[in-house]
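Shown below is the structure under consideration.
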Amino acid sequence: MARFYLLATVLCFIRRGSSKQADCFPSEWLKSVSVSVKISKAGFHRDLQYRVQWSSTDHDVQALLVQKLPSGVYMDAYQLETLRRDTGLEVLLDSEVDLEAPEYLSSGFTALVFLSGTHEAVVPVHGRYHRPSDSSKPVKVDIEPPRVLLRSDQCETLQTRALGRTLGPGVRGVVVEAPCTVSNHSICSWMQILDLQGDAGVSLELPVGDSSLVLTVCAGTVLTAVLSCVYLLRKIWKHGSF
């Protein structure tokens with residue numbers, strides 16, 4: 001529980017600044033950074049497919065995706081922990097997520113997806129039940145694009161003294177603080193890249209209940225239950241021993 005509060009505090013308190021060693025992430029190299037997000041599968045259980053690309057560099061680069069998710073979807077912390085053990089997927093949630101709550105009783109949250117050693121990740125996401133509607137149209141849930149943060153252990157520590165710095169024409173980068181790893185034991189300075197190539201969100205459609213059929217469904221359910229009880233009582237009376 002304590003780590004959730006620490007993470008939420010860090011995400012809310014963003015410190016902007018400039019890098020002491022600009023050569024770590026030069027302007028021209030930053031222009032090569034791009035991110036793509038796709039959503040696969042159908043129904044209530046989907047996969048968010050992330051891919052971050054950049055040109056070659058002489059030092060290792062670690063990437064962190066900060067994905068804000070609306071109340072219409074959720075991630076299962078237990079499933080993520082299993083995937084972490086089985087596949088190495090590293091995802092950290094900023095708060096506890098109620099897996100059973102419907103959309104109208106839930107709130108959004110943030111997921112941190114660590115891409116250490118790889119540029120790709122597939123993260124499962126699940127749709128929540130929405131309020132019934134008087135139309136048969138599915139509800140659309142929009143997921144905004146993630147923020148992309150970069151850092152390298154081979155570069156000097158990023159400084160946070162100024163109030164932001166333009167790193168090149170059409171490209172801005174700001175220094176933010178976020179957990180160094182998925183274990184959330186320490187905080188590091190990351191370079192957030194703005195105006196990314198391929199920076200676009202995704203959306204999914206979820207079916208909703210038809211409120212105009214409430215009476216029909218209730219009447220059918222009650223009738224089925226009554227007929228079933230009558231049938232069972234007749235069988236018991238006929239074959240039972242009293």
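The structure presented is a predicted model; accordingly, all values stated were derived computationally and were not measured.
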Side chain H130, main chain R128, donor-acceptor under 3.5 Å: yes
Taking atom CG of L204 and atom NE2 of H126, what is their separation to the nearest 0.5 Å? 12.0 Å
Would you name the heavy atoms of L206 and G43 that are closest together and state the gap between them? CD2-O, 3.6 Å
Shortest non-hydrogen contact from P146 to V35? CG-CG2, 4.4 Å
Between D142 and K140, what is the shortest heavy-atom contact and its length? OD1-CE, 3.2 Å
May I ask you to decide if the ring planes of W54 and H119 are parallel, tilted or perpendicular, using 30° and 60° as cut-offs? tilted
For residues K137 and V208, report the shortest heavy-atom separation together with the two atoms involved. O-CG2, 3.5 Å
Shared hydrophobic cluster for Y104 and V97 (ILVMFWY, side-chain gaps under 4.5 Å): no
Check against side chain to side chain contact (heavy atoms under 4.5 Å, CB included), I143 and L69: CA-CA 6 Å; I143 301 177; L69 292 164; 3.8 Å; yes
Side-chain donor/acceptor of D47 to backbone N/O of V122, under 3.5 Å: no
Is there a side chain to side chain contact (heavy atoms under 4.5 Å, CB included) between V123 and L80? Walk through the geometry before answering. CA-CA 8 Å; V123 184; L80 294 176; 4.1 Å; yes
Is Y78 reachable from V113 through a run of hydrophobic residues whose side-chain heavy atoms are each under 4.5 Å from the next? yes
Quick check for you: to the nearest 0.5 Å, what is the distance between E100 atom CD and L105 atom CG? 12.5 Å
Could you check whether any side-chain N or O of Q67 sits under 3.5 Å from a backbone N or O of E144, counting only pairs where one atom can act as donor and the other as acceptor? yes
Checking side chain to side chain contact (heavy atoms under 4.5 Å, CB included) for the pair R151/L64: CA distance, chi angles, key distance, verdict? CA-CA 9 Å; R151 65 180 295 268; L64 170 60; over 6 Å; no
How many angstroms lie between SG in C218 and CG in L223, if you round to the nearest 0.5 Å? 12.5 Å
Locate the shortest heavy-atom distance separating M75 from V91; write the atom from each residue and the value. SD-CG1, 4.3 Å
Rounding to 0.5 Å, atoms CG (L112) and CG (L92) come to a distance of 5.5 Å
Pair Q62, D153 - check side chain to side chain contact (heavy atoms under 4.5 Å, CB included), show working. CA-CA 8 Å; Q62 302 175 35; D153 291 331; 3.0 Å; yes
What closest approach, in Å, do S106 and S71 show between heavy atoms, and which atom pair accounts for it? O-CB, 3.6 Å
